[in-house]
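Below: one structure, written as structure tokens.
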Number of protein chains: 2
Amino acid sequence: MTPARTAAGNAIARGRRGARSAGDERESAILATAERLLRQRAVADVSVDDLARGAGISRPTFYFYFPSKDAVLLTLLDRVTEEADAAAGDVLERLAEDPRARWRELIDRFHETFGAHRAVVLACAQVRGTNAEVRRLWASVLERWVQAIETAIEAERRRGAAPDGVPARDLAIALNSMNERVWYATFAGDGPAVAERDVVDVLLDVWLAAIYRSTAPPPA
Amino acid sequence: MTPARTAAGNAIARGRRGARSAGDERESAILATAERLLRQRAVADVSVDDLARGAGISRPTFYFYFPSKDAVLLTLLDRVTEEADAAAGDVLERLAEDPRARWRELIDRFHETFGAHRAVVLACAQVRGTNAEVRRLWASVLERWVQAIETAIEAERRRGAAPDGVPARDLAIALNSMNERVWYATFAGDGPAVAERDVVDVLLDVWLAAIYRSTAPPPA
DNA sequence: ACGCCAGTCAACACCCTGTCGAGTCCCGTC
DNA sequence: GACGGGACTCGACAGGGTGTTGACTGGCGT
């Protein structure tokens with residue numbers, strides 16, 4: 001009776017089998033309740049019971065739709081990362097047009113997407129410490145992004161716009177890591193954080209410096 | 001009967017009052033057990049009972065020494081950050097001597113300290129999501145480091161070694177955040193991570209690029 | 001008219017946390 | 001040499017969360 005537990009990393013069927021019918025709106029209700037509740041309190045303070053009540057069902061019934069609270073989060077995270085991927089589009093392929101503008105566009109779009117779903121992003125960051133599935137999903141998403149950035153850096157080096165230096169992959173990891181942590185602090189609002197309206201500028205500045213050793217990289 | 005609950009951020013008396021006597025070794029035993037267990041499994045999989053048994057006492061007795069499992073972690077974190085501060089020493093004040101060497105020294109010493117206590121650092125990062133006290137302690141520690149870096153960057157700009165750019169504080173936040181996240185990935189070993197022997201080089205490279213726009217900043 | 005299956009939930013078994021109250025042991029004091 | 005108090009200890013409990021089981025319902029195709 002337990003819903004399909006798929007290997008982490010693929011978007012499909014995180015909830016139940018390929019169902020249709022009335023149960024679908026329950027599933028959506030759970031997801032919506034989760035995102036709403038997460039906007040109000042920390043993920044640890046949202047119980048399965050809260051999710052079930054919010055969706056108008058009992059706790060056991062919740063388990064008909066999702067194997068656990070974390071699975072709900074996993075589904076939500078899937079959607080956010082998909083949205084981010086879509087927002088990023090093919091910016092990286094058009095880098096040479098105007099590197100500074102394109103990099104800014106990339107960072108800005110991620111910023112917008114994550115900012116719009118900050119509750120989900122924050123909750124995932126918190127759960128990542130305790131839940132292996134979330135950790136793996138995040139790791140695989142990050143790996144994709146790191147590879148994309150690595151490839152872009154190598155292309156910029158090949159066309160002579162960026163100087164050689166530390167391995168492109170390591171640089172990509174460092175920069176992605178920085179963004180993740182800085183956004184987390186900015187959105188969470190605890191501890192030292194960059195103001196939300198400045199964060200894209202600051203991140204962009206470090207990216208350009210690290211990749212080009214310059215604030216004004218040359219276009220093609 | 002509950003041990004002194006002090007405001008987060010001060011190192012003293014996280015355990016009990018200023019006691020001496022046989023209870024002290026129990027307290028140490030709990031701390032040692034915690035660090036040992038944390039080297040084996042995630043913090044969520046270590047229960048108060050495990051800590052108590054490991055220290056040769058019963059669960060209720062544990063609560064005589066610490067108000068919670070997280071309080072143990074807090075004590076451990078205090079020690080690690082103190083050790084890191086000590087290791088960093090006055091490196092920042094001697095920056096102008098040889099900027100590249102000094103920055104490297106700074107990053108390297110943090111790397112050594114965190115690496116030596118990776119279990120504690122990892123556990124704290126995981127708990128930070130759910131525990132407000134750990135979050136506050138970490139935030140205050142980070143704030144100190146951010147301010148130190150900010151001051152150093154401003155000094156380098158003042159002496160003409162580093163160009164002006166984004167606010168020094170924002171830069172300091174971004175760079176510290178990067179280090180934190182990159183070390184976490186490296187020590188945790190999940191997801192895209194920089195190899196442990198390369199991580200100092202990579203971080204240093206980004207720091208120098210972001211601060212000086214150069215790999216070879218000028219000495220005094 | 002019947003069987004199946006999506007959907008539902010009361011009740012249960014568990015596990016972990018934190019607290020309470022009833023101790024024991026030792027040590028300084030009268 | 002008893003007595004009181006503080007350090008220290010733990011059995012037992014209350015509470016709150018999770019995940020599972022088994023019985024029930026209602027629609028729908030045959």
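Throughout, a chain's letter reflects where its sequence line sits, starting with A, and its residues are numbered from 1. What you see is a predicted model, and the numbers here were worked out from it, not measured in a lab. Side chains included, hydrogens not; waters and symmetry mates left out as well; all remaining heavy atoms used.
Look at CZ on F66(B): it is 15 Å from C1' on dC8(D), rounded to the nearest Å. One can place CD1 of I57(B) at 15 Å from C1' of dG11(D), the figure rounded to the nearest angstrom. Look at CZ on R26(B): it is 12 Å from C1' on dA7(D), rounded to the nearest Å. Atom CZ of R53(A) is separated from atom P of dT8(C) by 16 Å (rounded to the nearest Å). Atom CZ of F62(A) is separated from atom P of dG19(D) by 8 Å (rounded to the nearest Å). Rounding to whole angstrom units, CG of residue D70(B) and P of dC16(C) are separated by 16 Å.
Looking only at distances, a side-chain donor or acceptor of T186(A) sits under 3.5 Å from a matching main-chain atom of V194(A). Listed for the D170(A) side chain is no donor-acceptor partner under 3.5 Å among the backbone atoms of V166(A). For the pair N131(B) (side chain) and V134(B) (backbone), a donor-acceptor distance under 3.5 Å is present.
Taking only side-chain nitrogens and oxygens, Y65(A) comes nearer than 4.0 Å to OP1 or OP2 of dT8(C). In this model, the phosphate group of dT9(D) is not approached by any side-chain N or O of T61(B) to a distance below 4.0 Å at OP1 or OP2.
The base of dG18(C) sits with one of its N or O atoms less than 3.5 Å from a complementary donor or acceptor on the side chain of R59(B).
Closest contact between the side chain of F64(B) and the listed nucleotides dT8(C), dT17(C), dA7(D) involves dA7(D). Closest to the S58(A) side chain, of the nucleotides dC20(C), dC9(C), dT18(D), is dC9(C). With dG18(C), dT9(D), dG19(D) as the choices, the nucleotide that has an atom nearest any side-chain atom of Y63(B) turns out to be dG18(C).
R36(B) has no carboxylate O lying under 4.0 Å from a charged side-chain N of D50(B), or vice versa, which leaves the two without a salt bridge. Look at R118(B) and E196(B) and you find a salt bridge, because one of the NZ, NE, NH1 or NH2 atoms lies within 4.0 Å of a carboxylate O, short of that distance. With respect to E143(B) and R169(B), a salt bridge is recorded, a charged nitrogen being found less than 4.0 Å from a carboxylate O.
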Does the pair W103(A) and E156(A) meet the rule for a side-chain hydrogen bond (donor to acceptor under 3.5 Å, both in side chains), with working shown?
CA-CA 12 Å; W103(A) 282 115; E156(A) 289 296 87; 4.9 Å; no

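Taken residue by residue, residues 42-52 of chain B places heavy atoms nearer than 4.0 Å to DNA chain C at S47(B), V48(B).
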